[in-house]
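Heads up, the thing below is written out as C-alpha cells.
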Amino acid sequence: MGKGVTVFGSFVTDLMARSNTLPEPGETVMGNFFKISPGGKGSNQAIAAKRAGADVDIVTKVGRDQFQKLAFESFGNEGISTEFIFLDDDKSTGIALILVAEDTGQNIITVVPGASYNIKESDIEKAKEIILKNDYILLQLENNLDATMKVIELAHERSIKIVLNPAPVVPLPEELYKKIYVITPNESEAERLTGIKIKNEDDIKKACEVFHKKGLDNVIITLGEKGAYLSTPETKRWLEPIEVDVVDTTGAGDAFNGGFVAGLANGMSIIEACEYGMIVGGLSVTKMGTSISMPTMLEIQEYITSNVE
Ligand code: RIB
C-alpha cells in the first residue's frame with residue numbers, strides 16, 4: 001500500500017480577519033486583513049499531509065452552494081481526488097469565522113459545520129472502498145460523531161491504523177479508545193477527555209496515563225509554543241518546537257497532524273513522525289491562513305537541510 005492516508009473530515013470555508021489585538025466581548029476593533037480561503041480541520045490536515053509527502057484520499061461533504069467550488073478547486077489544485085466530496089441537499093457548506101491577533105499570532109474561531117455535520121450512513125457506504133484503501137486513516141471531530149464512529153469501526157475491523165485528532169473536543173464513548181492507534185489532543189482537549197486539569201508537566205504525564213488506562217497505547221499531547229509530549233509503551237519524551245517567527249498560529253495543530261501522519265505513511269517511527277510533524281506545524285505558523293499556510297515539500301526539505309541534517 002505505501003504512502004497512503006485517508007482523511008475523513010470536514011471542509012469549511014474560512015472567513016479570516018486580522019486586527020492588532022483580538023476584540024473583547026462587546027468591543028469593535030478595526031481589522032487590517034481579510035481573506036476567504038479553504039479550511040476545516042479535515043481539509044487542512046489532508047492538504048498538510050499531501051504537501052508533506054503522503055498520497056491522500058479525502059472523504060468530506062459540502063453544500064450545494066457557492067462555497068462548494070472552493071473545496072473542489074482547493075483539493076484539485078493539490079492533486080487530491082475530489083471523487084468523495086459529497087454534496088448535501090439540506091445543509092450549506094460549513095464556514096468558520098476566524099479572528100487573528102497580529103500582536104500575538106493567536107486566534108479565536110467559531111465553526112458552523114453545516115454539511116460536514118450531516119454525513120449519512122449512505123455516504124460512508126459509498127466511500128467504503130476509500131476508507132479501507134490505505135494503511136492509515138486520520139480523523140477529527142468536525143463531523144457528526146455517529147459518522148466518525150462508524151468510520152472508526154470499519155477501519156478498526158480491517159486493522160487500519162487510526163489517528164484521531166479530537167478537535168473540537170466532544171465527550172467520546174469509552175469503547176472508542178481501544179480502537180485508536182494514536183490520539184493527538186492539545187492541552188485543553190486532553191483535559192476535557194481525561195478529567196485531569198493540566199497545570200504543569202506532571203499533569204500532562206497523568207493525562208497520558210489516563211488515556212493509556214482507557215486502552216490507548218500512543219498519545220501525543222500538543223502544547224503549542226511549548227512543543228509536544230509523546231507517551232507510548234516504549235518512550236515518554238518532550239519534543240521541542242522549531243524556532244520560527246510566528247505570524248498566525250491558526251491551523252498549526254492541523255499542520256502537525258498532517259505532517260505526523262505523512263511521516264507514518266512514509267515509514268517513519270512514531271517518534272520520527274512526531275518530530276516531522278513538529279517541523280510541518282512550526283513552518284505553518286510563519287504564514288497567514290490555514291490550508292494555504294501548509295508548508296510545501298520544498299520548504300520542509302529546505303528547513304531539514306539547513307537545521308537538522
Ligand atoms: O484548525 C483550524 C481550522 O479550524 C480552521 O481552518 C477552521 O475552519 C476550523 O475548522
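Counting convention: from 1, in listed order, for ligands and their atoms alike. Numbering of residues begins at 1 and proceeds along the displayed sequence.
Of all protein heavy atoms, the one closest to atom 5 (C) of ligand 1 is D14 OD2, 3.5 Å. Atom 4 (O) of ligand 1 has as its closest protein heavy atom K41 NZ, 3.1 Å. When only non-hydrogen protein atoms are considered, atom 3 (C) of ligand 1 lies nearest to N44 ND2, 3.6 Å. Looking from atom 10 (O) of ligand 1 to the surrounding protein, the closest heavy atom is E142 OE2, 2.5 Å.
Listed by number with element, the atoms of ligand 1 under 4.0 angstrom from any heavy atom of V12 are 8 (O). Residue-ligand proximity, A96 to ligand 1, at heavy-atom distances under 4.0 Å covers atoms 7 (C), 8 (O). Near V111, with a cut-off below 4.0 Å to any heavy atom, the atoms of ligand 1 are 9 (C), 10 (O). Using a 4.0 Å cut-off to heavy atoms of T290, the atoms of ligand 1 that qualify are 5 (C), 6 (O).
In this view, T6 and D57, V59, I130, N134, I137 satisfy the side chain to side chain contact (heavy atoms under 4.5 Å, CB included) rule, not counting sequence neighbours.
Between D254 and ligand 1, a contact under 3.5 Å exists for at least one N or O pair. Polar contact check, G40 against ligand 1: a nitrogen or oxygen pair lies under 3.5 Å apart.
Residue-environment remark: CD (E78) exceeds the threshold of 12 foreign heavy atoms within 6.0 Å. Around CD of Q66, the count of heavy atoms belonging to other residues, nucleotides or ligands within 6.0 Å exceeds 12.
Sorted by first and then second residue, the ring pair (Phe, Tyr, Trp, His ring centres under 6.0 Å) pairs with a member in residues 233-262 read Y229-W238, F256-F260; sequence neighbours excluded.
With salt bridges taken as basic N to acidic carboxylate O contacts below 4.0 Å, one links D203 and K206. Classification of K287 and D248 as a salt-bridged pair fails, no side-chain N sitting under 4.0 Å from a carboxylate O.
Contact check for F75 versus I58: side-chain heavy atoms found under the 4.5 Å cut-off.
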